[in-house]
Amino acid sequence: MPLARIIICIFIINIFAYANGRNNIISGAYIATDKGNYKNYKQYDLKNDYFKKFNVKLEINKKALKDKTYYFFITTEVKSLISSNVDYNKSLDKLIVKLDKNTPSNIYFSYENKQEQLLNFKILIFSEFEYQYMLENKSILYGIAYGIIFSAFLYNLVIFLNTRRKAFFYYSLMQVFLLVILVDLVRFSTMTYRSSFEIMFLDILETLCLIVIILFSKEILNTKKNIPIMDKFLYGLIIINLIDLFCIPFIGYSILYEYISRTLIILFLMVAGIITLYKGEKVAIFYILGWSVLFVSLIVSEYNLINIHELFIFHIGFPIESMILSFALGYKLKQSIHENKEKEQLLVHQSKLASMGEMINNIAHQWRQPLTHLSFINMDIQTAQDSKELDKKYLDEKINESYEQIEFMSQTIDNFKDFYQPVKNKELFFISEAVNKAINIIKPSLNNLDIKLNFVIFQDMKIEAFENEYSQVVLNFISNAKEVLHLRKIKNPKIDIYLEFTNNKSILTVKDNAKGISEDIINKIFNPYFSTKNNSSGIGLYMSKIIVESHFEGTISAYNTKEGACFKVEV
C-alpha cells in the first residue's frame, strides 16, 4: 500500500480495514446473511448490497495480543445490534470492545435492521495507552492541530498579500490542502467505504497539493540559482503531475501515484534542501527539519514503528511541520529584508556618486568662462610686457579683474558645497528658494546649449523639511530634460517650471518640449536601474521618488503633454 494513500486516505476501503494493522490483530472477517453460512466480506459488493438481518464474525489473532490490551472502536448501527459474544460499551454510534488474552478467538455480532440498508461497520483499533490518555483529549488535540494549520495559512496569506512573494502563496495553499487532508482522515476513520467520486476528487486534491509543494520548494530554496539541474527535474515533475491531474477525471484515479509512493517526492525534496544547505543557504535548515518531521510521521505510521494510531501521529506531526516551515519562510523574509536594505544602501551610494559626477560637470560649466577670461588676462599682460606698455595702473587693473574671476570661481565652489552637503535637521524654507537653488546650479550648462528655462511662481509655500533634497529632485528633472532636449536636437528647446498652491498642497510642475516619454516605458521610469540612456545608473528618478514619498510624504508622477514630458511633485 503506497504511503501516500495513508496520508490522504485515498485507497479502496473495505469495512474491515483498520488504521495501520496494529500487529494484525484481525486475521479474518466474515458476513453471514443466514445462520452459520459465513462468507469472506470480499465476496460481497458492500457499496451496493443491502442487508436486513446478518451476522459479523471477526477472527482474532491471539498471538498478536500476547499480554497487551487493545480496544475496538466500531462505528456501526448501534440500535440494530441484537447480541454479541463479548462485552461492549455503547457510545452514541460506536461500540467499544476490550481485547486482551481472555478475548475469544472469534467475535460475533448479530444485527437486525428495520429495513434493508447498506452495511455500516468500521473498526478502529487503539492501544490501552491511547484509550486511557489520548482518546479522552482527542478533541483538544485535533482543535490545536487545526488551529495551528489554519493560523499558518492565514499568516502566510497575509504576508503574501503584502509582499507578493510567491513562496508564501504556495505555502498558504499547502496549509489549506493539509487541513482538508486531516479533516478527511478523521472523517474516513468512521466511514465504511468511499464512493468513486470521493476517491477521484481527493486524488485531484492530493496531486494539486504535491504540485504546490514542489512550487514552494523551488521558491524557498531558489533552485533555479542554487541547483539548476534539480530545478529542471522539479519542473519536469510539475509537468508530469499536471498530465496526471488531467487524466484523473477520465480514469477515476491517479495513474502516476497508483504505483509510485509520494513519499519518494518528499524524500527527494529533502535531498534538494540538503544540497542547498551545503551551498550556504541557511534557510534550508528549517526546510529540511520541517519535511523531516512529515517524512518521519509517515514512515512511523506506515511501518507501525511506535504503538500510536496514525490519527494522532498526523495530528501531531503535520502541525509541527507547519510551524517549522512557517519559521523557514519567516527567516527567508528576514533575509530578503536585509538584502533589500543592502540594495537600498547601494542605491544611495550610487546616487551620491551620480550627484558628485553631476556636481563636477556643472562646476566645469561654471568655471569654463572665468578660466577663459583669466587666460585672456594673462595674454594681455604678456602682450603689454612685450610692447613695453605695461605700467602699474594697467597691471593693477588686470590684477583686480583676475581677482573678480577667482572670487566668482570660489563662490561657485561654496554654492555647490552647500547644495550637496547633507542636512541632518529639517528647516523652514520657501519651495521657490529650493527650486532657484537647483536652477542656479545648472543654468550655465543650459545657457551653453541655448536651452531657455522659465520659472513661474503662481503661489509659493513655506515648508519644514530638507531643502537640499527638494532641490536635488528639481535638479534631477531639469538635468534629464536638458539631456533629452540636446540628444533629440530640439529646435527652440525650453523648460518651463510652475509653482502653485492647490487644496493645501504645493504643486511643482517641470515641463519640456522634447516630444515626451514613450508610452511603453513611462510606467517604468521610477523603477531602480531603469534607464534609456547610455552610461546611466538609472537611479536618479528612483531616488527622487524615494525622497518625495519618504521624506516629504508627497507624491511624484510623470505624464506626457502635447509638447513633451511633464513631471509633477505634490507635497
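Values below: every heavy atom of this structure, side chains too, minus hydrogens, waters and symmetry copies. If you read the sequence from its start, that first residue is 1, and numbering goes on from there.
- Every residue was checked against the salt bridge (charged side-chain N to carboxylate O under 4.0 Å, His left out) condition with Glu59, not counting sequence neighbours, and none meets it.
- By the side chain to side chain donor-acceptor pair (under 3.5 Å) test, Glu570 pairs with no residue at all, sequence neighbours left out.
- The salt bridge (charged side-chain N to carboxylate O under 4.0 Å, His left out) search around Glu219 returns Lys166, not counting sequence neighbours.
- Annotation: side chain to side chain contact (heavy atoms under 4.5 Å, CB included) contacts of Leu161 (sequence neighbours excluded): Leu157, Arg164.
- For Tyr71 and Tyr131, the ring centers sit closer than 6.0 Å to each other.
- Applying the ring pair (Phe, Tyr, Trp, His ring centres under 6.0 Å) test to Phe51 and every residue at least two apart in sequence or in another chain returns Tyr44, Phe54.
- By the side chain to side chain contact (heavy atoms under 4.5 Å, CB included) test, Phe169 is found to be paired with Phe160, Ser172, Leu173, residues two or more places apart in sequence or in another chain being considered.
- Residues forming a side chain to side chain donor-acceptor pair (under 3.5 Å) with Thr76 (at least two apart in sequence, or on another chain): Tyr111.
- By the side chain to side chain donor-acceptor pair (under 3.5 Å) test, Ser110 pairs with Asn55, sequence neighbours left out.
- Residues passing the ring pair (Phe, Tyr, Trp, His ring centres under 6.0 Å) test with Phe197: none are found, sequence neighbours excluded.
- In this structure Asp231 satisfies the salt bridge (charged side-chain N to carboxylate O under 4.0 Å, His left out) test together with Lys218, sequence neighbours excluded.
- For the ring pair (Phe, Tyr, Trp, His ring centres under 6.0 Å) test, residues two or more places apart in sequence or in another chain that qualify with Phe109 are Phe121.
- Proximity of a side-chain donor or acceptor of Asn137 to a complementary backbone N or O of Tyr133 within less than 3.5 Å is detected.
- Here Ser189 pairs with nothing under the side chain to side chain donor-acceptor pair (under 3.5 Å) rule; sequence neighbours left out.
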